[in-house]
Amino acid sequence: MNKPAATQTAARLRLRLTATAETIVRGGHPWLFADSVREQNRAGQTGELAVIYDRNDKFLAVGLFDAESPIRVRILHAGKPQTIDAAWWKAHLEKSLERRAKLFDATTTGYRLIHGESDGWPALVLDKYDSTFVLKIYSAVWLPRLDEILALFREKISCERIVLRLSRNIQPLAEKQFRRRDGQVFFGSSPEGAVVFSENAIRFEADVLRGQKTGFFLDQRENRAEVEKLACGRNVLNAFSFSGGFSVYAARGGARSVTDLDISAHALESAKRNFALNQNFPTVAACEHKTVQADAFEWIEKASAKFDLIVLDPPSLAKRATEREGAIRAYEKLNSYGIARLSRDGILVAGSCSAHVSVAEFFDSVRRAAMKSGRKFTELKTIQHPPDHPAGFKEAEYLKVIYLKFAA
Ligand code: SAH
């Protein structure tokens with residue numbers, strides 16, 4: 001799978017870079033930007049391999065070329081010269097699978113097998129939901145290679161089906177040139193509705209065909225488990241609840257009540273079904289589950305009810321770098337509203353998934369909100385990436401959660 005058919009006869013695509021970019025690539029960064037390319041032996045096609053040489057003509061790296069994107073090459077391998085052939089891809093996949101082999105026991109059947117750049121598969125994600133696998137592609141570089149990639153996954157992974165998900169920006173090209181659609185199913189029948197998987201013995205549904213990301217927020221597993229430990233006897237508010245992931249854990253942990261707050265009726269219906277799926281746990285059966293469909297910023301600001309534990313895990317508030325400062329202010333505001341709704345001894349669990357807001361910037365914004373509240377508080381802990389979502393470079397660090405407890 002090293003060459004798309006159209007380039008079989010052309011000379012290998014070779015690039016040379018600016019000095020700064022050489023250093024960056026040598027340091028293992030997975031993105032090479034278009035303005036760092038100093039020399040190119042011919043026009044390249046999206047998806048073909050590009051070999052990068054340094055100024056002394058020594059091999060630096062090899063990656064997938066993108067003719068259209070500002071990220072011109074997505075690096076697959078840097079360091080010693082390496083041929084990217086079928087055997088390499090196979091070994092590459094085996095390495096990702098091995099990294100997950102010992103992470104989970106049989107009570108967890110949903111997790112990430114391939115996490116993009118940080119696993120050596122730039123802009124590609126593979127999630128497992130029990131026997132259904134979801135392959136999500138975020139860049140056109142994979143489109144000409146999909147058949148080979150799918151065949152390789154099929155060979156190495158026993159599955160009922162693989163669902164293809166495509167980020168919105170590549171959907172038109174995928175449809176027009178490759179006849180690939182978001183939600184297309186390979187090797188098995190299309191699931192009827194959501195698929196069910198388990199996480200620490202809690203059963204959840206995932207809408208793998210249409211849901212956000214690949215159908216569930218697998219990256220919050222560790223935080224959900226933490227919330228379960230903190231929830232006993234508490235009235236919990238889960239804002240931006242999506243399908244109630246945090247809520248079912250809180251209920252199993254003995255929460256008295258859990259309120260799911262989300263703007264999407266669809267998400268709240270899913271949260272209800274997730275509660276129904278776990279009635280076998282006496283604590284879940286005993287917990288009062290409420291749903292509120294509203295804008296969380298407005299609702300929390302105006303609500304009068306108090307809660308003993310509040311989870312605030314909004315969608316990314318900075319989709320691009322220019323939105324960074326506004327996002328930091330929005331986090332501070334949202335968390336001030338949340339703190340005002342916390343009862344005595346209340347716990348705030350504040351999350352951010354904005355890659356453009358750094359770990360320090362986010363934690364500081366929440367601490368600022370806490371200090372401005374005038375209440376005494378202690379910091380319980382912070383949690384970042386779980387082991388099946390490794391962050392191998394700075395831009396990949398998107399997930400951060402901070403836990404604060406307010407005394408009075
Ligand atoms: N905490 C969730 C993931 C959150 S995803 C989990 O762990 O599974 C973000 C959620 O926020 C989505 O369900 C989306 O519908 C919701 N959302 C987006 N904007 C919102 C708003 N202004 N008010 C309330 N919910 C919102």
Side-chain angles (χ1 to χ4, degrees), residues 108 110-112 127 129 134 194 196-200 202-208 210-228 230-231 236-253 258-275 277-278 289-303 307 309-319 323 326-327 329-331 333-335 337-338 341 348-355 357 362 383-386 388-389 398-403:
T108 297
Y111 50 87
R112 182 153 291 187
D127 283 347
Y129 293 101
V134 184
V196 174
F197 67 100
S198 64
E199 188 185 270
N200 296 316
I202 293 180
R203 296 170 76 216
F204 285 117
E205 62 168 41
D207 178 2
V208 291
R210 283 169 297 269
Q212 291 185 52
K213 288 207 167 186
T214 61
F216 197 76
F217 288 80
L218 292 169
D219 53 0
Q220 289 287 25
R221 181 187 315 105
E222 294 188 340
N223 287 299
R224 285 190 281 270
E226 203 56 40
V227 163
E228 175 174 17
L230 296 169
V236 177
L237 173 65
N238 180 11
F240 309 93
S241 63
F242 188 57
S243 58
F246 279 103
S247 308
V248 183
Y249 272 79
R252 189 171 69 168
V258 178
T259 302
D260 276 325
L261 170 60
D262 201 286
I263 204 156
S264 151
H266 186 72
L268 294 170
E269 287 307 315
S270 175
K272 285 183 197 161
R273 287 191 295 272
N274 283 330
F275 266 82
L277 278 173
N278 291 284
H289 181 222
K290 305 175 215 178
T291 57
V292 177
Q293 189 192 351
D295 178 291
F297 287 87
E298 283 179 20
W299 192 87
I300 301 173
E301 185 186 10
K302 295 191 185 128
F307 296 91
L309 193 160
I310 298 181
V311 179
L312 295 178
D313 180 33
S316 173
L317 299 182
K319 294 257 155 56
E323 294 169 355
R329 282 194 299 275
Y331 282 123
K333 197 157 87 175
L334 175 65
N335 284 287
Y337 296 160
R341 301 272 68 79
L348 176 72
V349 179
S352 160
C353 61
S354 307
V357 174
F362 174 66
I383 294 183
Q384 294 180 50
H385 282 245
D388 60 332
H389 291 64
Y398 69 95
L399 191 68
K400 49 250 181 217
V401 180
I402 184 165
Y403 294 68

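Quick note: residue numbers are just sequence positions, from 1. Scope of the values below: all heavy atoms of this structure, side chains included, with no hydrogens, waters or symmetry mates. Counting convention: from 1, in listed order, for ligands and their atoms alike.
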Val227 side chain reached by Val311 side chain, heavy atoms, under 4.5 Å: yes
With rounding to the nearest 0.5 angstrom, report the OG to CG distance, Ser352 to Leu399. 8.0 Å
With Lys333 via side-chain hydrogen bond (donor to acceptor under 3.5 Å, both in side chains) - residues at least two apart: none
Ligand 1: protein residues within heavy-atom distance under 4.0 Å: Gln212, Phe217, Gln220, Arg224, Phe240, Ser241, Phe242, Phe246, Asp262, Ile263, Ser264, Ala294, Asp295, Ala296, Asp313, Pro315
Any side chain to side chain donor-acceptor pair (under 3.5 Å) involving residues 289-298? Give me the pairs, sequence neighbours left out, ordered by first then second residue. Asp260-His289
Nearest heavy-atom neighbours spanning Glu205 and Ala194: CB-CB, 3.8 Å
Sorted by chain and residue number, the side-chain hydrogen bond (donor to acceptor under 3.5 Å, both in side chains) partners of Ser241 (sequence neighbours excluded) come out as none
